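Keep in mind it's a predicted model, so treat the numbers as computed, not measured.
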Amino acid sequence: ESWEGGIKSTWMDGRILFNIVGYWYDWSNQPTNNFVTLVLDDDGDGVPNDNPNFRPVADSGSSKTYGFEIESAFVLSEGWTTNVNVTYNENEYKSFVPATASATTTLGQNVNIKGNRSTRFPKWSGNLSTEYTQSWVGDWDYYVRGDVLYNGKHVAGLTNLAIIDDYFLVNARVGIERENLRVEAFVKNVFDEDRWRAGSEFTDFSILDAPGVFDFTKIGVILIPQDKRTFGMRLSYGF
């Protein structure tokens, strides 16, 4: 069940654009892909296999989500434009029992994670971009642009045991262009932000209780680092 409503508007002869939308979702029997551990007797000798198998399944639970998104653009002066976007999201599971061996071993059998947040989705996020363009010499224009991205803190898995901190990324570029030719210098991650970009919960098979025996009950987090501060040049030609 879903509801959405919003407003789209322009002001001052199109120099200001402002859009806002709110949403609310209630999802019952929501499928979530997981896997369960199976100890099979493949050869029929009455003795389970030494190594367990795993099989994908679709767990189902229920959740609710609500929030809003704001999109705006401003013409501040001749050649100077700015965009601001903001997203707010609140969500939680109303009922969900994980089936993975790593989650049930960590939390306990048949534990309902009611109230937990969805993985990898921050409550707050947004971005700010501003660009200034003016004539230079002949038919050449020059431009300067800056972008700020904010990603709020978020959980890295259904168990909500690991949290990825929030971070800001700042990118900048300056260039010249004419018709279909552009020459640009850029810096990505200007302040060399080193907080983790993202993370995802997983079953860590690298932890072995015995040589050659996979253990599906250990839980871990895969972390993705930020790209380091990067300088560069870019040349583009359209035809």
Side-chain angles (χ1 to χ4, degrees), residues 1-3 23-69 87-125 150-167 194-226:
E1 183 179 358
S2 62
W3 297 86
Y23 57 87
W24 178 86
Y25 301 99
D26 195 320
W27 196 346
S28 299
N29 296 320
Q30 175 184 354
T32 302
N33 290 329
N34 272 314
F35 63 85
V36 294
T37 305
L38 301 175
V39 181
L40 304 177
D41 177 15
D42 290 334
D43 55 12
D45 63 355
V47 179
N49 300 341
D50 290 335
N51 295 331
N53 304 92
F54 66 93
R55 182 165 297 172
V57 296
D59 298 339
S60 66
S62 61
S63 66
K64 65 179 180 180
T65 301
Y66 60 90
F68 63 83
E69 298 176 356
T87 298
Y88 172 79
N89 176 270
E90 189 65 70
N91 67 76
E92 68 175 8
Y93 284 103
K94 295 165 58 180
S95 178
F96 189 85
V97 178
T100 60
S102 55
T104 57
T105 301
T106 302
L107 299 178
Q109 292 287 336
N110 300 318
V111 170
N112 195 323
I113 59 172
K114 176 182 178 181
N116 280 16
R117 285 187 61 87
S118 296
T119 179
R120 292 179 292 173
F121 208 112
K123 182 178 291 186
W124 288 99
S125 60
Y150 174 72
N151 200 71
K153 68 179 182 179
H154 55 283
V155 297
L158 294 176
T159 64
N160 283 199
L161 295 177
I163 296 177
I164 307 301
D165 284 336
D166 62 339
Y167 61 85
D194 63 355
R195 289 188 174 181
W196 298 108
R197 185 170 63 185
S200 180
E201 194 173 273
F202 80 118
T203 299
D204 190 352
F205 304 121
S206 66
I207 303 174
L208 304 179
D209 288 335
V213 178
F214 289 103
D215 186 348
F216 292 84
T217 65
K218 302 298 189 297
I219 199 167
V221 176
I222 298 174
L223 294 170
I224 301 175
Q226 297 284 355

Working to the nearest 0.5 Å, report the span between CD1 of I164 and CZ of R195.
11.0 Å
D204 side chain vs G220 backbone, donor-acceptor pair below 3.5 Å:
no
Is the shortest heavy-atom distance from the side chain of L107 to the side chain of T159 under 4.5 Å?
yes
S95 versus N112, side-chain donor and acceptor atoms under 3.5 Å:
yes
Just to verify, what does K64 make a salt bridge (charged side-chain N to carboxylate O under 4.0 Å, His left out) with, not counting sequence neighbours?
E92
What residues, two or more places apart in sequence or in another chain, satisfy ring pair (Phe, Tyr, Trp, His ring centres under 6.0 Å) together with Y150?
F168
K94: salt bridge (charged side-chain N to carboxylate O under 4.0 Å, His left out) partners, not counting sequence neighbours
D26
Please identify each residue that fulfils ring pair (Phe, Tyr, Trp, His ring centres under 6.0 Å) with Y25, with sequence neighbours left out.
Y23
Taken to the nearest 0.5 Å, the spacing of T106 OG1 from L158 CG works out to 12.0 Å
Parallel under 30°, tilted from 30 to 60°, perpendicular over 60°: which one fits the rings of Y88 and F68?
parallel
Less than 4.5 Å apart, side chain to side chain, heavy atoms only: is that true for E1 and W24?
yes
First locate atom CD1 of I113, then atom CG of N160, and finally report the distance between them rounded to the nearest 0.5 Å.
7.0 Å
Side chains of V155 and N116: does their closest heavy-atom pair fall under 4.5 Å?
no
Please tell me if the side chains of T104 and Q109 come closer than 4.5 Å, counting only heavy atoms from C-beta onward.
yes
Distance check, rounded to the nearest 0.5 Å: W27 atom CH2 versus Y93 atom OH?
9.5 Å
Do you know the tightest heavy-atom contact between L223 and G199?
CD2-CA, 4.2 Å
Measuring from atom CG of N89 to atom CZ of F121, what distance do you get when rounded to the nearest 0.5 angstrom?
4.5 Å
With E90, which residues qualify under salt bridge (charged side-chain N to carboxylate O under 4.0 Å, His left out), at least two apart?
R117, K123
Taking salt bridge (charged side-chain N to carboxylate O under 4.0 Å, His left out) as the definition, give me every residue that meets it alongside R197, ordered by chain and number, with sequence neighbours left out.
D227
So which atom in T119 and which in G157 form the shortest heavy-atom distance, rounded to 0.1 Å?
OG1-N, 3.2 Å
Do D166 and P122 come close enough that some side-chain heavy atom pair is under 4.5 Å?
no
